[in-house]
Amino acid sequence: MMNLTAAIGEWQTLLGAANVLQADDAQKAYDKDASGIKRRIPAALRIQDAGSVPEAMRIAARNKIAVYPISTGHNWGYGTSLPVRDDCVIIDLSGMRKIVHFDAELGVVTVEPGVTQEMLAEFLDAGGHPFLVPVTGGGPQCSLLGNALERGYGITPYTDHFAAVTDIEAVLADGSLYRTALREAAGDDLARLFKWGLGTYSAGLFTQSGFGIVTRMTIALARRPECVKVCFFSLKEDALLEPTVAAIRDIISRLPGTIGGINLMNQHRVLAMSAPYPTDRIGPDGLIPESVIQELGRQYQVFPWTGFGTVYGTRRMVAAAQKEMKAALAGKVSRLVFISPAGAKALSKLAAFLPGAAGQRLGSTSNTLAKALELVNGRPNETALPLAYWRNPTPPQGDSLDPSRDGCGLIWYAPLVPMRPGSVRAYADMVKRIAVAHGIEPLITFTSISDKLFDSTVPIIFRREDEQALARATACYENLLQEGRLSGFFPYRVGVNTMSTLSSLQNDSLRFHKRLRHAVDPDNLLSPGRYQ
């Protein structure tokens, strides 16, 4: 029988009263969510020491208390720090900030859940270590471990972040430890260097699941290359989308390892990142009229589609890749430009000397470009985060951006899309039709994750304080999810509000996972409902 009062007393003895938040204090600290989701949170534990996690979990097990661990709680657009179900005690691991081990020769780092992109960047810079941080658009304050466990993607050479994970340690529902077989058989060194371990590969069970609380993770870092360049290009006409997709597929298949990834963004998405939201020019349906989109496109020189690709390698490799890309994209794209981080900074300085509106626009564009180049160079920043504020409150000055804290409305729809021209067109048309029907601006990005597949990200941006806007945004997501599934597109990750509906799929893998969970967590206490 559940006994929260007894559990709180034991947790206070273990962690100190200040690190156990109860009732209103816990609710106030963790209930802010950009997606507009609400959950009852009876208590929250703030843990700074990995050694306390097993006993904290044993206390939960003895008292039959469901818990939900978070890393830094910055899962914006997917639920922030909220659990899947009501009445779970939050286990906040953001205070666990140790870089446990770093192999400076091979570039392999072991981190705790609270280690952020910014912390790792500062560590590497302080030691002069020539490796890239696996950055994301989530910003400097986001957890490396948390993103990898959600199988997140980036644009640096190791685009698949969990693929770069070699070893983990986790605490199970009964407080016992999980360590990989190779680590126990041969020691830490080999385990940190070989992902697949020995025997049955079980470490993957801890991604997108509630099988355990991961307390440390080893990640292989990409070495900083001699040369980094970003390729920008535009599609003057929407009809050029299909041949460009085929060219991108060809480029990635022929230049593996040199091309970090290629993004395609529609005009709406680029304008959301570069132009203020035209509040005074909205149509009667609550959307920006197509005529205004076209006018803004001309003003900001944004065409129907914009491409963005990263190239890594030696100078000669990058130069050769540029020639290959130019040949593959010839006749399809316009304004094909390759630029280095140093070139972006020089352009930003030049813009300061140009007078008038042209100088202001170039200055804004070049500053954004310079920050984007920092990101692809493995240096985390907040370049992508202002997107969440496009239709929302003005970002605070002098403070880190936090869309949930600042009242932004954001839900991510992130399906996988086959890299076939016809599939990409069908998907883009579907998103535009459904988004417009629900009063949502259709913002679309395609990000290559192989030469066979795109991950698309659609930010559903809305006014969170407006209940009708929240209802429209939620309905838009549900419509995209259901129609996308029928059309062959489905998310690679979902928010906490969607996880509980996965059980309705009733597929063989979910039944198998349910059997495994019952074996290791018979009372369903650890992250109940998570991807179940």
Side-chain angles (χ1 to χ4, degrees), residues 155 228-255 258-275 288 290-311 318-341 343-344 346-348 350-351 354 357-370 372-373 376 383 419-422 424-425 427-429 432 442-448 451 454 456:
I155 51 176
V228 177
K229 284 195 176 181
V230 171
C231 167
F232 292 96
F233 56 85
S234 300
L235 278 61
K236 282 187 175 180
E237 299 175 9
D238 181 61
L240 292 168
L241 177 63
E242 286 92 335
T244 302
V245 167
I248 288 172
R249 185 176 63 198
D250 180 56
I251 290 167
I252 295 172
S253 66
R254 289 192 293 110
L255 299 171
T258 304
I259 304 298
I262 298 179
N263 286 6
L264 275 175
M265 295 173 282
N266 72 343
Q267 191 174 45
H268 255 87
R269 179 68 176 264
V270 178
L271 288 172
M273 298 165 63
S274 54
I288 305 172
E290 187 62 28
S291 60
V292 176
I293 291 292
Q294 296 303 319
E295 180 184 332
L296 290 173
R298 290 189 295 271
Q299 180 181 348
Y300 286 88
Q301 289 294 292
V302 178
F303 288 166
W305 292 91
T306 297
F308 172 96
T310 53
V311 191
V318 171
Q322 287 184 209
K323 292 181 181 179
E324 293 286 338
M325 294 180 73
K326 287 178 180 178
L329 294 170
K332 306 170 187 68
V333 308
S334 306
R335 303 191 302 186
L336 178 59
V337 176
F338 290 86
I339 190 166
S340 67
L347 182 63
S348 182
L350 175 64
L354 296 180
Q360 290 178 348
R361 285 197 298 270
L362 180 59
S364 174
T365 301
S366 59
N367 286 335
T368 300
L369 178 62
L373 266 290
V376 304
T383 302
M419 200 178 287
R420 301 186 186 99
V424 170
R425 170 61 68 191
Y427 169 80
D429 289 348
K432 184 172 182 178
L443 314 180
I444 303 172
T445 294
F446 293 102
T447 301
S448 65
D451 63 347
F454 282 120
S456 176

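Just so we're clear, the structure is a prediction, and the values are computed from it rather than from any experiment.
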Practice problem: State which residues pass salt bridge (charged side-chain N to carboxylate O under 4.0 Å, His left out) with Arg254; sequence neighbours excluded, sorted by chain then number. | Solution: Asp250, Glu324
Quiz item: Distance from Thr445 atom OG1 to Met273 atom CE, nearest 0.5 Å?
Solution: 7.0 Å
Practice problem: For Asp451, check salt bridge (charged side-chain N to carboxylate O under 4.0 Å, His left out) against everything at least two apart and list the hits. | Solution: none
Self-check item: The single option from Ile293, Asn266, Leu271 passing side chain to side chain contact (heavy atoms under 4.5 Å, CB included) against Val302
Solution: Leu271
Practice problem: Could you pull out all residues at least two apart from Ala319 that satisfy side-chain contact (heavy atoms from CB on, under 4.5 Å)? | Solution: none
Exercise. Please identify each residue that fulfils side chain to side chain donor-acceptor pair (under 3.5 Å) with Thr447, with sequence neighbours left out.
Key: Asn263
Exercise. Supply the atom-to-atom distance Lys229 NZ to Thr310 OG1, rounded to the nearest 0.5 angstrom.
Key: 14.0 Å
Quiz prompt | Distance (rounded to the nearest 0.5 Å) between Leu336 CG and Met325 CE | solution = 7.0 Å
Quiz item: Do you know which two heavy atoms are closest between Leu443 and Ala272, and how far apart they sit?
Solution: CD1-CB, 4.1 Å
Exercise. Answer whether the closest heavy-atom distance between the side chains of Trp305 and Leu240 falls below 4.5 Å.
Key: no
Self-check item: Between Glu295 and Gln299: side-chain donor-acceptor atoms closer than 3.5 Å
Solution: no
Quiz item: If every non-hydrogen atom of Arg249 is compared with every non-hydrogen atom of Pro421, which pair is closest and at what distance?
Solution: NH1-CD, 3.9 Å
Quiz prompt | Under the side-chain contact (heavy atoms from CB on, under 4.5 Å) test, residues paired with Phe303 that sit two or more places apart | solution = Ser234, Lys236, Arg335
Quiz prompt | Exercise: identify the closest heavy-atom pair between Val311 and Ala321 | solution = CG1-CB, 3.9 Å
Quiz item: Side chains of Val376 and Phe308: closer than 4.5 Å at any heavy-atom pair?
Solution: yes
Self-check item: salt bridge (charged side-chain N to carboxylate O under 4.0 Å, His left out) against Glu242, all qualifying residues, sequence neighbours excluded
Solution: Arg425
Quiz item: Do Lys432 and His268 come within less than 4.5 Å of each other through their side chains, counting heavy atoms only?
Solution: no
Exercise. Search all heavy atoms of Lys332 against all heavy atoms of Leu235 and return the closest pair with its distance.
Key: O-CG, 4.3 Å
Quiz item: What pairs with Ser456 under side-chain contact (heavy atoms from CB on, under 4.5 Å), at least two apart in sequence or on another chain?
Solution: Pro415, Val417, Tyr427, Ile444, Phe446, Val458
Self-check item: Set of residues satisfying side-chain contact (heavy atoms from CB on, under 4.5 Å) with respect to Ser448, sequence neighbours excluded
Solution: Ile252, Ile262, Met419, Phe454
Quiz item: By ring pair (Phe, Tyr, Trp, His ring centres under 6.0 Å), which residues pair with Phe233, not counting sequence neighbours?
Solution: none
Exercise. Give, for atom CG of Leu264 and atom CD1 of Ile248, the distance between the pair rounded to the nearest 0.5 Å.
Key: 4.0 Å
Quiz prompt | side chain to side chain donor-acceptor pair (under 3.5 Å) against Thr258, all qualifying residues, sequence neighbours excluded | solution = none
